[in-house]
Amino acid sequence: MMGSEEKSPVVIRLRGIGKSYYIGKEEVPVLTHIDLDIHKGEFVSIMGPSGAGKSTLMNILGCLDRPTRGSYELDGHEVANLSDSELAYTRNRKIGFVFQSFNLLPRLSTLDNVILPMIYGNLYKNERKERATKMLESVGLGDRIHHMPAEMSGGQRQRVAIARALINNPAIIMADEPTGNLDSKSTREVMEIFSRLYQEGKTIILVTHEIDVAGYASRHVILSDGHISKDIRGPLP
Ligand code: ADP
Ligand code: MG
């Protein structure tokens, strides 16, 4: 049941995660010590001031980057033990990404952007097209499938990006400031999609610095100085 996801299995388990960048030989610590369990079906916001390390943490969670130290278990598998190709495979299978700047391919239509992640699968061309069309309908873009990204508003582009993130049916959705470039109406439309995905049982991790946007989540993790300073279940105070 929603709101009681703490009883669900842990899908993401971080212990003593640290991440430093090196400028020459000088170590610049960004994440100092992160312990975090995320349960299946949770909707977690990650908040904190600019430069707090939110994107750095998200890139580690999304297997786009490796930590400097500590343990990250994704679905019970230690990520540090995976080769780069195993990591890429895991990422493609389990995680859907949504970025602030949409990251659509500008020369591909809406439909082809959503079809693209299915090229690794084993569906026939007409099945891929049908599935992508249905996914676009589910985010309210059934009448925009032949448009190019440049012909759409920011909110529409972000909904295409969400459809693309969902097309391989990942269990986990990760979004880094997905409403950062959107007006308030588009923000609401995008967040209502995330709410629906939460109700459908997806695990969602959302980085934002907007309190209204974080309000859609069921749990709120606050980052400061490279560690978690607050972890609030339920509504924000
Ligand atoms: P946030 O997303 O919370 O704004 P980031 O994770 O992007 O923060 O960045 C945290 C800190 O790490 C910042 O001080 C940033 O300058 C630094 N940083 C991020 N990426 C790199 C990098 N590739 N090399 C060096 N420093 C970086
Ligand atoms: Mg960031």
Side-chain angles (χ1 to χ4, degrees), residues 12-38 42-74 79-80 82 84 87-88 91 95-104 154-155 157-162 164-165 170 172-184 186-187 190-191 193-194 197 203-232 236-237:
I12 285 173
R13 183 178 186 274
L14 306 181
R15 288 294 178 276
I17 287 288
K19 176 73 182 179
S20 297
Y21 292 108
Y22 290 86
I23 312 279
K25 279 183 178 164
E26 186 162 354
E27 180 179 0
V28 182
V30 175
L31 302 176
T32 52
H33 188 103
I34 306 277
D35 293 336
L36 180 64
D37 286 346
I38 296 178
E42 280 194 304
F43 186 172
V44 182
S45 80
I46 298 177
M47 299 181 71
S50 179
K54 301 182 297 295
S55 293
T56 300
L57 176 60
M58 193 62 125
N59 290 343
I60 290 170
L61 290 172
C63 306
L64 297 166
D65 197 3
R66 291 177 184 273
T68 309
R69 61 188 168 275
S71 160
Y72 173 14
E73 283 179 17
L74 176 59
V79 165
L82 301 179
D84 284 348
L87 202 60
R91 186 168 63 222
I95 304 170
F97 287 98
V98 181
F99 301 96
Q100 177 171 358
S101 51
F102 324 130
N103 295 10
L104 300 178
R157 283 186 233 182
Q158 194 60 299
R159 284 186 278 146
V160 176
I162 293 172
R164 180 184 58 184
I172 308 171
I173 310 294
M174 298 190 183
D176 191 350
E177 307 268 11
T179 60
N181 288 338
L182 303 184
D183 59 30
S184 57
S186 302
T187 293
V190 160
M191 292 316 299
I193 296 172
F194 283 112
L197 295 170
T203 307
I204 304 173
I205 306 172
L206 164 79
V207 165
T208 184
H209 61 262
E210 295 169 82
I211 204 119
D212 293 353
V213 168
Y216 286 85
S218 62
R219 177 182 173 194
H220 312 278
V221 166
I222 318 291
L223 269 190
S224 45
D225 297 331
H227 69 277
I228 293 171
S229 57
K230 281 196 187 120
D231 187 347
I232 304 159
L236 280 165

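Both ligands and their constituent atoms are indexed starting at 1 by order of listing.
Looking at D84 and R91, no side-chain N of the basic residue comes within less than 4.0 Å of a carboxylate O on the acidic one, giving no salt bridge. Between K54 and D176 no salt bridge is recorded (no basic side-chain N to carboxylate O distance below 4.0 Å).
The protein residues lying under 4.0 angstrom from ligand 1, judged by non-hydrogen atoms, are Y21, V30, P49, S50, G51, A52, G53, K54, S55, T56.
Excluding waters, the set of protein N/O/S atoms under 2.8 Å from the Mg ion (ligand 2) reads S55 OG.
With rounding to the nearest 0.5 angstrom, the CD atom of E26 is 16.0 Å from the OH atom of Y21. With rounding to the nearest 0.5 Å, the separation of OG1 in T187 from CG in D212 is 9.0 Å.
Checking L64, L82, L74 one by one against L87, the side-chain contact (heavy atoms from CB on, under 4.5 Å) holds for a single residue, L82. Partner of K19 under the side-chain contact (heavy atoms from CB on, under 4.5 Å) criterion, chosen from N59, T32, I60, I34: I60.
Residues F102 and A161 come closest through the heavy atom pair O-CB, 3.7 Å.
Within 6.0 Å of CG in L236 there are more than 12 heavy atoms belonging to other residues, nucleotides or ligands.
Looking at S186 and D183, their side chains do bring a donor and an acceptor atom within 3.5 Å of each other.
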